[in-house]
Amino acid sequence: MATDLDGTALRSDGTLSPRTVAAFARVEETGAVLVLVTGRPPRWMWDVAAASGHRGLAVCANGALIYDLHSEQVVESHVIGVDVLREVVAQLRANVPDLTFSVEYEGGFAHESDFRSGSLDGATGSGLRVSGGTLTARPCVKLLAQHPSMAPDPLHELVDRLVGRLVTVTHSSRRALMEMSALGVTKATALARVARRYGVAPEEAVAFGDMPNDLPMLGWAGRSYAVANAHPDVLAAVGEVTSANDDDGVALVLENLYR
């Protein structure tokens with residue numbers, strides 16, 4: 001069983017409800033494999049790991065990292081190399097001048113001074129503030145590009161057209177924040193590797209999601225669900241829809257599937 005976190009298994013306040021925690025525990029009690037599949041970096045996983053009893057594996061950074069929730073260690077990573085990173089940033093700066101950038105590493109992140117961090121990072125003021133040259137000086141697991149005024153979907157189309165031959169471009173929030181991984185790296189590719197490790201075929205997998213970065217995973221799994229609050233593209237792509245994240249939609253399905 002695989003599920004996205006923000007907007008899917010997590011409530012809008014970022015918490016796991018007791019009902020969802022109990023449903024996750026039931027999945028593992030039946031002998032099934034529980035995988036949390038998220039755009040989050042490992043440093044944003046501590047609260048989720050603690051709330052869920054440090055169960056299972058997590059696919060982090062949209063597939064670039066596989067993270068063991070039991071040991072809190074990265075067990076696999078796929079990075080964007082420096083040459084590709086520099087070319088992508090150069091192409092985007094030349095064609096979309098209002099973009100600002102941040103990079104995610106296995107441990108920690110760096111950002112330009114005018115990059116607006118999300119709530120989890122903004123609350124702590126963490127991360128290195130760096131210049132453009134320093135930003136692209138080492139490999140990263142995820143490159144983020146933010147625009148101050150564009151809508152997310154048109155920005156995704158533009159960024160993908162410009163650099164989609166170099167990196168995998170997606171987005172997972174309601175703001176204009178593009179997330180780029182190494183070419184070919186998605187939630188689906190990482191989840192498929194985890195599934196092979198445990199002998200789980202795609203047709204046996206159940207997946208839940210809400211945003212465009214979940215689409216590859218939802219297409220890979222034999223049975224896919226969107227929560228009712230999902231992005232229109234996700235609602236159009238899946239066969240089944242459950243209740244919204246704030247109504248414990250994931251738990252509702254799991255309670256019926258894992259008795």
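Counting begins at 1 with the first residue of the sequence.
Inspection of the His156 and Arg161 side chains reveals no N or O donor paired with an N or O acceptor under 3.5 Å. Residues Asp248 and Ser17 bring a donor and an acceptor atom of their side chains to less than 3.5 Å of each other. Using modelled atom types and a 3.5 Å distance limit, the side chains of Asp214 and His231 yield no donor-acceptor pair. Side-chain contact of Glu179 with Ser172: a donor-acceptor pair under 3.5 Å is present, judged by distance alone. Residues Thr8 and Asp4 have side chains that bring a donor and an acceptor to within less than 3.5 angstrom of each other. A donor atom on one side chain and an acceptor atom on the other are found under 3.5 Å apart for Ser12 and Asp246. No donor-acceptor contact under 3.5 angstrom links the side chains of Glu112 and Thr100, judged on distance only.
Salt bridge absent: Arg223 and Glu204 never bring a charged side-chain N and a carboxylate O closer than 4.0 Å. Salt bridge Glu87/Arg165: present, at least one basic N to carboxylate O contact under 4.0 Å. No salt bridge links Arg26 with Glu255; every basic N to acidic carboxylate O contact stays at or beyond 4.0 Å.
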For this session: Please step through side-chain contact (heavy atoms from CB on, under 4.5 Å) for the pair Val234 and Leu215, ending with a clear verdict.
Result: CA-CA 7 Å; Val234 176; Leu215 286 169; 4.0 Å; yes
For this session: Please lay out, stage by stage, how Asn245 and Phe208 fare under the test side-chain contact (heavy atoms from CB on, under 4.5 Å).
Result: CA-CA 11 Å; Asn245 64 320; Phe208 300 84; over 6 Å; no
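Distance CG/Leu158 to CG/Asn95: 7.5 Å, rounded to 0.5 Å.
Ser243 places no side-chain N or O within donor-acceptor distance of the main-chain N or O of Gly249, the cut-off being under 3.5 Å. Side chain of Glu240 to main chain of Ala226: no donor-acceptor pair is present (N/O by atom type, distance under 3.5 Å, no hydrogens or angles). Although no hydrogens or angles enter the test, the distance criterion places no donor-acceptor pair under 3.5 Å between the side chain of Lys142 and the main chain of Arg40. A donor-acceptor pair is defined here as one N or O able to donate and one able to accept, closer than 3.5 Å; no such pair exists between the side chain of Glu104 and the backbone of Pro41. Asn62 places no side-chain N or O within 3.5 Å of a backbone atom of Asn213 that could act as its donor or acceptor partner. Remark: side-chain polar atoms of Asp233 are not paired, donor with acceptor, to backbone N or O of Pro212 under 3.5 angstrom. At distances below 3.5 Å, not a single donor-acceptor pair connects side-chain atoms of Ser102 with backbone N or O atoms of Leu144.
The only option from Ile80, Leu143, Leu183 that meets the side chain to side chain contact (heavy atoms under 4.5 Å, CB included) definition with Val167 turns out to be Ile80.
Other residues, nucleotides and ligands place no more than 12 heavy atoms under 6.0 Å from the CG atom of Asp83.
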